[in-house]
Peer 1: 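Take this structure, written in structure tokens, and hold onto it; I'll ask about it next.
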Amino acid sequence: MRLRMGVLGVTVATMFVIVPYVGPPVLASEATDQIRAAIDQMYRLVATGSTAENREAVRKAADRMFDWAAMADGALGQHWRERTPDERAEFVRLFGDVFERAYLSKIQLADAERFAYLGDTIEGDDTVVRTQITTNNGTVIPVNYRARMTQGRTWRVYDLDVSSVSLVANYRTQFGTIIGRSSYPELVNRLKALREQHGGVKSATTPRSNQSARQKISSDH
């Protein structure tokens with residue numbers, strides 16, 4: 001049985017947020033600057049063609065921008081705490097591969113010239129970088145990047161809000177339903193099948209983690 005369309009629908013929502021703004025520059029904080037640079041780099045690489053070298057460079061850029069371990073933790077919710085370190089590492093790779101593929105595959109549906117950065121807001125230890133995209137059919141969609149500073153003053157995204165809806169929370173609902181009705185191994189099998197369906201995407205950095213992510217994968221919390 002395939003992953004429910006709800007998961008795919010949530011994933012497809014990320015297609016709108018990797019197109020760079022080509023208009024006048026706006027004032028931005030450190031978080032906005034870093035996220036903008038990563039988005040611009042990924043778009044330039046995707047736009048120049050799907051060579052093996054470009055795909056590897058895109059994945060490395062995505063790995064620097066997204067905190068895959070934090071996203072995977074949030075997507076599994078209470079089930080993350082039940083996983084062994086090896087299971088967590090495997091899930092981080094699977095989740096990152098599937099999310100990244102959806103994130104990169106739909107950029108053609110956004111109007112690059114009307115993509116805008118709207119500034120950012122500090123919320124405790126986090127920063128919300130606010131953007132707005134316009135699709136080719138004229139639909140305007142607000143997309144907020146939720147980022148947290150990691151080692152080396154690097155801001156990494158741990159969630160996206162699309163039209164005020166958390167993508168990680170949507171994944172958590174869908175994944176929890178699959179685990180509840182079947183099992184965690186079944187969820188893993190479905191994610192593997194989805195990854196293969198999308199061309200067998202493999203991470204350029206194995207595992208998808210830095211030191212802080214490895215600590216998260218191994219910690220019991």
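Numbers for residues simply follow the sequence, beginning at 1.
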Peer 1: Apply side-chain contact (heavy atoms from CB on, under 4.5 Å) to residues Tyr184 and Leu76 and explain how you reach the verdict.
Peer 2: CA-CA 10 Å; Tyr184 174 77; Leu76 272 186; 4.0 Å; yes
Peer 1: List the steps and the verdict of side-chain contact (heavy atoms from CB on, under 4.5 Å) for Thr131 and Tyr145.
Peer 2: CA-CA 8 Å; Thr131 72; Tyr145 292 80; 3.9 Å; yes
Peer 1: Does anything in residues 165-175 form a salt bridge (charged side-chain N to carboxylate O under 4.0 Å, His left out)? List the pairs, not counting sequence neighbours.
Peer 2: none
Peer 1: Which atom names give the shortest non-hydrogen contact between Tyr158 and Ala70, and what distance separates them?
Peer 2: CB-CB, 4.0 Å
Peer 1: Please report the shortest heavy-atom distance between Glu100 and Ala62, naming the atom on each side.
Peer 2: OE1-CB, 4.1 Å
Peer 1: Check whether any side-chain heavy atom of Glu56 sits under 4.5 Å from a side-chain heavy atom of Glu53, and report yes or no.
Peer 2: no
Peer 1: If you take all heavy atoms of Ile35 and Met65, which pair is closest and at what distance?
Peer 2: CG2-CE, 4.0 Å
Peer 1: State, with a plain yes or no, whether a side-chain heavy atom of Arg64 is found less than 4.5 Å away from one of Thr154.
Peer 2: no
Peer 1: Got a salt bridge between Glu196 and Lys192, using NZ or NE/NH1/NH2 to carboxylate O under 4.0 Å?
Peer 2: no
Peer 1: Under the side-chain contact (heavy atoms from CB on, under 4.5 Å) test, which residues partner Glu123, sequence neighbours left out?
Peer 2: Thr121, Val128, Arg146
Peer 1: Taking the six-membered ring of Phe91, is the NZ or CZ of Arg83 close enough (under 6.0 Å from the centre) and on axis enough (within 45°)?
Peer 2: no
Peer 1: Looking only at heavy atoms, what is the nearest atom pair of Val92 and Ala69, with distance?
Peer 2: CG2-CA, 3.8 Å
Peer 1: Considering all heavy atoms of both residues, which atom of Asp120 and which atom of Arg130 are nearest to each other, and what is their separation?
Peer 2: N-NH2, 3.7 Å
Peer 1: Using modelled atom types and a 3.5 Å cut-off, is there a donor and acceptor pairing between side-chain atoms of Glu186 and backbone atoms of Arg181?
Peer 2: no
Peer 1: Would you indicate whether the side-chain heavy atoms of Trp155 and Val129 approach each other to under 4.5 Å?
Peer 2: no
Peer 1: Locate the shortest heavy-atom distance separating Asp159 from Ser166; write the atom from each residue and the value.
Peer 2: OD2-OG, 2.6 Å
Peer 1: Could you walk me through whether Leu94 and Arg195 pass the side-chain contact (heavy atoms from CB on, under 4.5 Å) test, one step at a time?
Peer 2: CA-CA 8 Å; Leu94 283 171; Arg195 182 179 64 181; 3.7 Å; yes
Peer 1: Should the ring pair Phe175 and Phe95 be called parallel, tilted or perpendicular, given that the plane angle runs from 0 to 90° and is split at 30 and 60?
Peer 2: perpendicular
Peer 1: Should Leu160 and Phe99 be marked as a side-chain contact (heavy atoms from CB on, under 4.5 Å) after you check the CA-CA gap, both sets of side-chain angles, and the distance that decides it?
Peer 2: CA-CA 11 Å; Leu160 295 173; Phe99 189 97; 3.9 Å; yes
